[in-house]
Amino acid sequence: MKKFIIGFMCILLFSCHPIAVTFASVIENEVITLGTQQELALCKDIAAFAYISMTAHQNGVSAEGQLALAPLPTNQDEAVLKVLLDGIVNDASQFPIYKDQEDKVEVSERFSDVIYNICNGSK
């Protein structure tokens, strides 16, 4: 149930972003019990959020600007999820901003990979 809530909050967070349609299509169906496939898809969605957050940071969007896009949580589960997503945004903002576009893409991909591995329990 907790992973479903994470997916739901990701949908809410990306509803203000142009990539929202693609992102939301991955997790729009309600899932009561998650199997391995759903868990991996959810981790991929969270990793996609991390990639977008790092890309935004690398292109000069402040953490405050990114956090302002998120809707206010309406219940305890959404509040917990918001803390997770806010943490990803804040972690991304700790990285230096690179000048070279290839470096920006590389750091965004690596950050996304790390978040994915944390989500699915890999090292």
Side-chain angles (χ1 to χ4, degrees):
M1 186 65 173
K2 186 165 50 171
K3 289 188 179 189
F4 169 72
I5 293 168
I6 292 171
F8 178 73
M9 277 303 293
C10 290
I11 290 171
L12 291 176
L13 185 63
F14 280 109
S15 66
C16 298
H17 196 279
I19 300 177
V21 174
T22 304
F23 185 80
S25 67
V26 176
I27 54 175
E28 68 183 347
N29 296 327
E30 183 174 346
V31 179
I32 303 298
T33 57
L34 295 176
T36 303
Q37 291 292 354
Q38 289 100 355
E39 289 176 2
L40 291 178
L42 185 56
C43 288
K44 287 179 183 178
D45 293 337
I46 292 170
F49 173 82
Y51 181 87
I52 292 167
S53 179
M54 179 60 80
T55 301
H57 169 66
Q58 289 297 316
N59 289 299
V61 179
S62 68
E64 293 80 18
Q66 291 185 55
L67 295 173
L69 294 174
L72 294 175
T74 59
N75 60 43
Q76 184 63 32
D77 292 333
E78 290 178 358
V80 169
L81 181 59
K82 184 168 178 2
V83 170
L84 169 72
L85 299 178
D86 288 356
I88 291 172
V89 170
N90 287 322
D91 287 348
S93 70
Q94 300 303 310
F95 283 76
I97 296 177
Y98 296 100
K99 293 182 181 183
D100 184 64
Q101 186 61 33
E102 289 179 15
D103 291 338
K104 290 180 181 190
V105 170
E106 183 177 346
V107 73
S108 296
E109 288 173 348
R110 287 185 180 202
F111 184 67
S112 175
D113 290 344
V114 167
I115 297 298
Y116 177 81
N117 289 335
I118 290 170
C119 177
N120 75 14
S122 299
K123 291 186 178 187

(request) Measure across Lys82 and Pro73 and return the closest heavy-atom pair with its distance rounded to 0.1 Å. (result) CD-CD, 3.6 Å
(message) Check this for me: does any side-chain nitrogen of one of Arg110 and Glu106 sit under 4.0 Å from a carboxylate oxygen of the other?
(response) yes
(message) Can you tell me how far apart CZ (Phe95) and NE2 (His57) are? Round to the nearest 0.5 Å.
(response) 8.5 Å
(request) Enter the distance from Ile97:CD1 to Lys104:NZ here, rounded to the nearest 0.5 Å. (result) 7.5 Å
(request) Enter the distance from Leu84:CG to Cys119:SG here, rounded to the nearest 0.5 Å. (result) 8.5 Å
(message) To the closest 0.5 Å, what do you measure between CG (Leu85) and CD (Glu78)?
(response) 11.0 Å
(request) Show the numbers, then the answer: is there a side-chain contact (heavy atoms from CB on, under 4.5 Å) between Phe49 and Ile115? (result) CA-CA 9 Å; Phe49 173 82; Ile115 297 298; over 6 Å; no
(message) What I'd like to find out is whether the side chain of Val105 reaches to under 4.5 Å of the side chain of Tyr51, using heavy atoms alone.
(response) yes
(message) Looking at every non-hydrogen atom in both residues, tell me the closest pair between Asn75 and Asp77 and how far apart they are.
(response) OD1-N, 3.0 Å
(message) Would you compute the distance between atom OG of Ser53 and atom CD1 of Ile46 and round it to the nearest 0.5 angstrom?
(response) 13.0 Å
(message) I need the minimum non-hydrogen distance between Pro96 and Gln58, along with the two atoms involved.
(response) O-NE2, 2.9 Å
(message) Measuring from atom CG of Asn59 to atom OH of Tyr98, what distance do you get when rounded to the nearest 0.5 angstrom?
(response) 14.0 Å
(request) Answer yes if Leu67 and Ile88 sit in the same cluster of Ile, Leu, Val, Met, Phe, Trp and Tyr residues linked by side chain heavy atoms under 4.5 Å apart, and no otherwise. (result) yes
(message) Checking the side chain of Ser112 only, and the main-chain atoms of Ala50 only, is there a donor and an acceptor separated by less than 3.5 Å?
(response) no
